[in-house]
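To keep things clear, I will list the structure first and then write my remarks on it.
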Amino acid sequence: MEFVNTEKKADTTRIETLIERFALGEVKDGDPVRLKGTLHRIKEMSGFAFVNVRGARTVFQCIWEEGTSTPHINQFRVEECVIIDGTVVFEERSRLGFDIRIGHMERISGRAEVPPVEIGNDRKMEKLNLNTLLDNRVISLRNPKIRAILKIADGVMYGFRQFLREEGFTEFVPPKIVSEGAEGGADMFEVDYFGQKAYLNQSPQMYKQIMVGVFQRVFTVGPVFRAEKYSTNRHINEFQGMDLEMGFIDSFEDLMELEARMFQYLFRLLNEQYAPELELFLGRDARLPDLTVFPKLRFTEAKQLFADAHPGGQGQSALAEPDFAPEEEKWLGEYFLKELGAPIVFITHYPSVKRPFYAMDDPDDPKYTLSYDMLLNGLEVTTGGQRIHDYEMQLEKMRKRGMDADQFEDYLTMHKYGMPPHGGMGLGLERIVQNLLGLDNIKQATAFPRDRDRLRP
RNA sequence: GGCCCGGUAGUUCAGUUGGUUAGAACGCUAGCCUGUCACGCUAGAGGUCACGAGUUCGAGUCUCGUCCGGGUCGCCA
């Protein structure tokens, strides 16, 4: 019998490791190196060639030389994976401060065909039509700028989880196949469940409230399904919901306070650990702003602010609507960015008619709820609020809405057996990423978007 | 789903009042070039003009239908 090795091998073939060691002065001119990567770009010159190789997070440059490097460079095509045995040569003309002179290069992938899109050229990739980009998603994701988007998404999920654990939250996993909708069944995907009708979950709402009765503070990250036939730049039919729910709150203000701190934490984490990716979008040495102030205003105040700034028909019709038009949200985002340098705005006390049955009405004015939306650069990325925790109150609100309480037996069971005052929020991962990086379409912010006409790849 | 706009080379696009063999750039192929990374230069290959029907002597171009896409609105994260 043999045993599995548990000793971690030194990973010396990663370019990122070599760059770190170069910065620390641990690499000497002329040092031999072995590196693994993917051929990103090959530019043949006279007697030599620039060979750009893509690592996990960086593209580095090697020099192939006629006569000294083997085999001939014309034996290779871009996107082929290679192992390079070469030499570090300090070189001021190189972006990293050093080149790697190729001694021998071995292909460890199969032969690659010519890609239909120019993976090695960021500007060309950016000019692609969204449809071409997505049709060729399998390889377009390899482009450094495109993969940076997904790296940022990784950072947002990482920050969300890390912050909440530090705040005493427990992560749990709700089911994705359910028998009833949390908020009505109109926009749910139906699935056949052993001959019985079931649905893909449109929200973890009920489950996270149930878990508040268990752990007090909980969160979950996972796919949420909406069967609406959307056609906008900010909707997809499967998105990653980042949901949390917190028990024993003193007021719904606690939720906004938590979220404000969460975004401070998140921005700091991205600036510290995801700088190379941010720079591809925000510019050289650019960082996300320090979040110091978080404007908070009531729904009616926000409406009035918009109406005052837009005298005439547009302002009047805005006042008449019980919700914000995308244009109004955009204007509010720009207004507070300009006036206070605040990219995040909290809008509170949404009208009760626009909020779900579990939303806690404001005892001072029951036409409005103890709820809020958070706008990031003028786009709604979070909806949150306090929930009804009293059984009788919840029954009463359902009755008023003409809902059949029998269909919500599981939901009401938790109230029946005692729930603390609680509330929570749901954040859309892709929307956050879309906004942080200024992407035109939310489909760019997820690896494999699902929309009305797209089920592949 | 409503309204508006679009579909031409692998990609991004141009294509005049309907008129000979449908163009450019990038990519690709073959060369040239010792510091390129949107390099540059020369030559070449590459097209069912989304699909179907119609009008016409003649359709990439005009009409209708179908399919697909983009923007916007509804709704939301």
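Naming convention: chains lettered A, B, ... in sequence-line order (proteins, then strands); numbering from 1 in each chain. Values below: every heavy atom of this structure, side chains too, minus hydrogens, waters and symmetry copies. Because the structure is a prediction, the values reported are computed rather than measured.
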Stacked cation flag [X] on [Y], 6.0 angstrom / 45 deg:
X      : Y      : answer
A/K145 : A/F281 : yes
A/R387 : A/Y358 : no
A/R57  : A/Y274 : yes

Nearest-neighbour nucleotide for the [X] side chain, [options] considered:
X      : options             : result
A/P116 : B/G35, B/G10, B/C73 : B/G10
A/N441 : B/C75, B/G71, B/G35 : B/G71
A/N129 : B/C13, B/G71, B/U11 : B/C13
A/A325 : B/G74, B/A77, B/C75 : B/G74
A/D99  : B/A77, B/G35, B/U36 : B/G35
A/E118 : B/A77, B/C26, B/A38 : B/C26
A/L128 : B/A77, B/U12, B/G69 : B/U12

Determine the Euclidean distance between corresponding [atom1] atoms of [M] and [N]; express it in Å to zero decimal places.
N     : M     : atom1 : value
B/C75 : B/U17 : P     : 43 Å
B/U8  : B/C4  : C1'   : 22 Å
B/C68 : B/C28 : C1'   : 28 Å
B/G27 : B/G71 : C1'   : 29 Å
B/C39 : B/G35 : C1'   : 10 Å
B/A43 : B/A24 : P     : 12 Å
B/C3  : B/A45 : C1'   : 45 Å
B/A9  : B/A14 : C1'   : 13 Å

What contact category does [X] fall into here, base, sugar-phosphate, or nothing, at under 4.0 angstrom with non-hydrogen atoms?
X      : answer
A/N52  : base
A/K43  : base
A/L379 : nothing
A/G241 : nothing
A/I432 : nothing
A/V381 : sugar-phosphate
A/E44  : base
A/E430 : nothing

Item to check | Presence of donor-acceptor pair under 3.5 Å, side chain of A/R101 and base of B/G35 | outcome: yes
Checklist entry - When only distance counts, do a donor and an acceptor, one from the side chain of A/R431 and one from the base of B/C76, lie under 3.5 Å apart? => result yes
Take atom [atom1] of [X] and atom [atom2] of [N], then tell me their distance rounded to the nearest Å.
X      : N     : atom1 : atom2 : answer
A/D135 : B/G69 : CG    : C1'   : 10 Å
A/F324 : B/C73 : CZ    : C1'   : 18 Å
A/K145 : B/A38 : NZ    : P     : 12 Å
A/L427 : B/C76 : CG    : C1'   : 14 Å
A/M45  : B/G31 : CE    : C1'   : 15 Å
A/R234 : B/C76 : CZ    : P     : 11 Å
A/E79  : B/C28 : CD    : C1'   : 15 Å
A/K330 : B/U72 : NZ    : C1'   : 13 Å

For a quick test of reading the model: is some side-chain N or O of [X] closer than 4.0 Å to OP1 or OP2 of [N]?
X      : N     : answer
A/T383 : B/A77 : yes
A/K443 : B/G70 : yes
A/K354 : B/C76 : yes
A/R41  : B/C39 : yes
A/N435 : B/A77 : no

Who does [N] pair with, Watson-Crick or G-U, both distances under 3.5 Å?
N     : value
B/C3  : B/G71
B/C37 : none
B/U61 : none

Checklist entry - With a 4.5 Å heavy-atom cut-off, do A/K330 and A/L379 have their side chains touching? => result no
Checklist entry - Are any of the side-chain heavy atoms of A/R147 and A/K151 separated by less than 4.5 Å? => result no
Next on the checklist: Show, in sequence, the C-alpha distance, side-chain angles and deciding distance for A/E106 and A/H104, and conclude whether the side chain to side chain contact (heavy atoms under 4.5 Å, CB included) test is met.
Outcome noted: CA-CA 7 Å; A/E106 186 194 352; A/H104 182 74; 4.3 Å; yes
Checklist entry - What do the steps show when you test A/T58 against A/E16 for side chain to side chain donor-acceptor pair (under 3.5 Å), and what is the final call? => result CA-CA 7 Å; A/T58 318; A/E16 288 78 12; 3.2 Å; yes
Item to check | Is_stacked (A/F50, B/G35) at 5.5 Å, 30 deg | outcome: no
Item to check | Option passing side-chain hydrogen bond (donor to acceptor under 3.5 Å, both in side chains) with A/Y372 (candidates A/E259, A/K296, A/H349, A/E253) | outcome: A/E259
Next on the checklist: Heavy-atom nearest nucleotide on RNA chain B for A/V114 versus A/E65: which residue maps closer to 5'?
Outcome noted: A/V114
Checklist entry - Start at the 5' end of RNA chain B and walk down; is the nucleotide closest to A/H235 or to A/E91 reached first? => result A/E91
Checklist entry - When the ring planes of A/Y411 and A/F408 are compared, do they come out parallel, tilted or perpendicular, using 30° and 60° as the limits? => result perpendicular
